[in-house]
Amino acid sequence: MKRRTAVLVSGRGSNMEALIAAARDPGFPAAITLVISNRPQAPGLALAAATGIPALAIDHRPFAGDRSAHEAAIDAALREAGIELVCLAGYMRLLTPFLVGAWQGRMLNIHPSLLPAFPGLDTHARALAAGVKLHGCTVHLVTETMDEGPILVQAAVPVLPDDTEHTLAARVLRQEHRIYPAALATIAAGRPAPAASNDAALANPLPPGIGLP
Ligand code: GRF
């Protein structure tokens, strides 16, 4: 039986699309059966609806800052749909202990950095400013502290000398679309997380002159 999985989005929804595409494989242990957005206009919501997946807008604005009440509405929708696992995919609301606690161990998030480096926003600009040579993305279980929680899968990419925030973000995003389905499959199947791999970095060899002597 595939695990009934919801994806929460606030924006473009490319990670959601990667999860939907992966879950179409009959052998994939999860099915994406609900998409929820706090932004009715989120492109991700329209994309989900176009694929025939129930897509629900639960706008945070009418709740006028009452985060718990907004989360209670989300929680009710998840339970109503018989959801077992939740994937945050560019969901841009800070969660309260209520929703985190309700889904502890069953809620995943993807973050565009190699956590614990660069939690929070603007990760690619901050990685460039810090001069790191490796950057990447992380899928982790959600706990009460933002961008913390047990790490499930990471992928690294090189930072190239002429990178801009845009080129680096695009390189990382390709890996996000690879590791998020892998992490969801791991949790849905109840398997231990796959061993760390730097395949992604190896697939993008460092430019000449950069590397170990
Ligand atoms: C991704 O970079 C993800 O890591 C971050 O927000 C972005 C969402 O992009 N949490 P998308 O909506 O999945 O295209």
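Side chains are part of it too, since the values below use all heavy atoms of this structure and drop only hydrogens, waters and symmetry mates. The shown structure was predicted, so the numbers you read here are calculated from the model rather than taken from an experiment. When a ligand or atom number is given, it counts from 1 through the structure's own listing order.
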For this session: With heavy atoms of Gly90 as the reference, note each atom of ligand 1 found under 4.0 Å away.
Result: 6 (O), 8 (C), 10 (N)

Exercise. Counting both backbone and side chain atoms, is some N or O of Met16 under 3.5 Å from an N or O of ligand 1?
Worked result: no

For this session: Could you tell me whether the side chain of Thr5 reaches within less than 4.5 Å of the side chain of Glu84, counting heavy atoms only?
Result: no

For this session: May I ask whether Ile110 has any heavy atom positioned less than 4.0 angstrom from an atom of ligand 1?
Result: yes

For this session: For side-chain contact (heavy atoms from CB on, under 4.5 Å), just list the numbers for Thr167 and Leu160, CA-CA rounded to whole Å, side-chain angles, deciding distance to a tenth of an Å, and then say yes or no.
Result: CA-CA 9 Å; Thr167 58; Leu160 303 181; over 6 Å; no

For this session: Measure the shortest side-chain to side-chain distance between Thr51 and Arg24 over non-hydrogen atoms and say whether it is less than 4.5 angstrom.
Result: yes

Exercise. Looking only at non-hydrogen atoms, which of Arg12, Glu17, Gln175, His177 approaches atom 9 (O) of ligand 1 most closely?
Worked result: Arg12

Exercise. With ring centroids as reference points, do His140 and His111 lie under 6.0 angstrom apart?
Worked result: no

For this session: Could you check if a side-chain atom of Thr143 sits within less than 4.5 angstrom of a side-chain atom of Pro150, using non-hydrogen atoms only?
Result: yes

Problem set entry | The one among Glu176, His124, Met92 that brings a heavy atom closest to atom 2 (O) of ligand 1 | Glu176

Exercise. Is Cys137 in contact with ligand 1, taking contact as a heavy-atom separation below 4.0 Å?
Worked result: no

For this session: Would you check if Leu94 and Arg67 make a side-chain contact, meaning some heavy-atom pair closer than 4.5 Å?
Result: yes

Exercise. What protein heavy atom sits nearest atom 12 (O) of ligand 1, and how far away is it?
Worked result: Gly13 N, 2.8 Å

Problem set entry | Arg61 CZ: over 12 foreign heavy atoms closer than 6.0 Å | no

For this session: Could you say whether the N/O atoms of Ala89 and ligand 1 ever approach to under 3.5 Å?
Result: no

Exercise. Any nitrogen or oxygen of Asn109, main chain or side chain, under 3.5 Å from a nitrogen or oxygen of ligand 1?
Worked result: no

